[in-house]
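A short worksheet on the structure shown next.
Just so it is clear: chains get the letters A, B, ... in the order the sequence lines come, proteins before strands, and each one is counted from 1.
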There are 2 protein chains.
Amino acid sequence: MNRYLRAKQVLKERGILMTPQRDLVLRQALTFLHFTAEQLVHSVQAANPGISRASVYRTLGLLSEAGLVEKHDFLYGPPNYEVTFGKPHHDHLMCIHCGEIIEFQEPRWEALQEEVVQRFGYQLRSHTHKLYGVCANCRRLEPKTRRRLPPKLHVEQVVA
Amino acid sequence: MNRYLRAKQVLKERGILMTPQRDLVLRQALTFLHFTAEQLVHSVQAANPGISRASVYRTLGLLSEAGLVEKHDFLYGPPNYEVTFGKPHHDHLMCIHCGEIIEFQEPRWEALQEEVVQRFGYQLRSHTHKLYGVCANCRRLEPKTRRRLPPKLHVEQVVA
DNA sequence: TCTCACCTGAGACTGAGTCTCATACAATAG
DNA sequence: CTATTGTATGAGACTCAGTCTCAGGTGAGA
């Protein structure tokens, strides 16, 4: 059974009504690896222009609540969504020049996290771990020819 | 020499003109551990009502560019700023109920990060690592009496 | 003193969502 | 099959956090 059908199953189990609009939003979201909300709006409206922005956002919210979709605030570029349903847990590495996003797993982190959190008497619920760097390809290119990502004012501290 | 004077020094070295407005924004920012942009606007305007929102934001941008301030997009609550200048590098642990933010250092992560990034041919530039959990105090309280943080639609995947 | 770059406040504007509200549809009861 | 009730929908106003524009002000150096 593919992700689409399994996702529909999850929504059904949660008692979320599947309307044609929601179905289309889900199907379009599944065509992306990572997407912005407005990209999703465009792709949904390309397939059916009658569907409103509000419905797309509402459905995105529904999918998030159901744990099928995650939002990512990367330091560079606009907020970004991902259908995580059916994918193993992973963190992200982004190239600050070309915007490439790499998903990776690093089990050794997870153990360390538990340790840190317990040190403070906390119970871990979730985490976000994002790495930013320059990919090999962008390093090869001259600075002039690099496409800088849409500027975003605040830049996180540079790691030595 | 205190943080304020050293920060001014850094700005001067970067050729950033220190106006009375900028000076006040810097001084107010230094009074917080973490703050929202609007909190800073309020505290600046409390000290000098003539200073505009735009100037506060502009100065915040300047301080960011100069590497004195960092922005944090936590999953819960509004975006959050921190004067990191003069503080050692650290990551954050937030209680999703009371909003407490704990800063901690974990050198073992830094090494692991380098390893991961090299695996993909990247050159590491920065990272954000945020942990979310429930603090001991909030766990003791009944759910009903807990103050939930301002709801934010999209909730990141829960870690097993 | 002049100059010219840089800074400022006011307020319009933007992007990313969210909310409202009247209408439309779905599921169930009768 | 109709009525009822609950939920979903589209349009568009609204919000929040921030950014931009512009006319006027300020300040460091010639």
Quiz item: Taking CD from B:Q39 and P from D:dG18, how many angstroms apart are they, rounded to a whole number?
Solution: 11 Å
Practice problem: To the nearest Å, give me how far apart OH (A:Y57) and P (D:dT15) are. | Solution: 18 Å
Practice problem: May I have the distance from B:Q45 (atom CD) to C:dA10 (atom P), rounded to whole angstrom? | Solution: 9 Å
Exercise. Answer yes if A:L17 and A:L62 sit in the same cluster of Ile, Leu, Val, Met, Phe, Trp and Tyr residues linked by side chain heavy atoms under 4.5 Å apart, and no otherwise.
Key: no
Exercise. Can you check each nucleotide of nucleotides 20-30 of chain D against protein heavy atoms at under 4.0 Å and return B for base, S for sugar-phosphate only, - for none, in 5' to 3' order?
Key: BB------S--
Exercise. Between D:dG10, D:dT9, C:dT8, spot the one nearest the side chain of A:I51, thanks.
Key: D:dG10
Practice problem: Just compare D:dT9, D:dG18, D:dA17 and give me whichever is closest to any side-chain atom of B:Y81. | Solution: D:dG18
Quiz item: Under 3.5 Å, is there a donor-acceptor pair between the side chain of A:Q21 and the main chain of A:V56?
Solution: no
Quiz item: Please give, in whole Å, the distance from C:dG15 C1' to A:L60 CG?
Solution: 15 Å
Exercise. Decide yes or no, distance alone: a donor-acceptor N/O pair under 3.5 angstrom between the base of D:dG18 and the side-chain of B:R53.
Key: yes
Practice problem: Compare the minimum distances between each of D:dG10, D:dG18, C:dG17 and the side chain of A:P79, then state the nucleotide with the smallest one. | Solution: C:dG17
Practice problem: Return the value, rounded to whole Å, for the distance between atom CG of A:D73 and atom C1' of C:dA16. | Solution: 11 Å
Practice problem: Using modelled atom types only, decide if a donor and an acceptor are shared between the side chain of B:R139 and the backbone of B:V134 within a distance under 3.5 Å. | Solution: yes
Self-check item: Any A:K71 side-chain N or O less than 4.0 Å from OP1/OP2 of C:dA16
Solution: no
Exercise. Any chance you could lay out the salt bridge (Lys or Arg N to Asp or Glu O under 4.0 Å) test for B:R119 and A:E106, step after step, and finish with the verdict?
Key: CA-CA 12 Å; B:R119 193 153 88 217; A:E106 186 44 76; 3.4 Å; yes
Quiz item: Within the distance-only criterion (no hydrogens, no angle test), does the side chain of A:R3 pair as donor or acceptor with the backbone N or O of A:F85 below 3.5 angstrom?
Solution: yes
Exercise. Check the distance between C:dC7's C1' and B:Q21's CD and give it to me in whole angstrom.
Key: 8 Å
Quiz item: Can any side-chain N or O of B:R53 pair as donor or acceptor with the backbone N or O of B:V41 at less than 3.5 Å?
Solution: no
Quiz item: CZ of B:F35 versus P of D:dA17: gap in Å, rounded?
Solution: 15 Å
Exercise. Rounded off to whole Å, could you give me the CG-to-C1' distance for the A:L62 and D:dT9 pair?
Key: 13 Å
Quiz item: Is the closest side-chain heavy-atom distance between A:N137 and A:C98 below 4.5 Å?
Solution: no
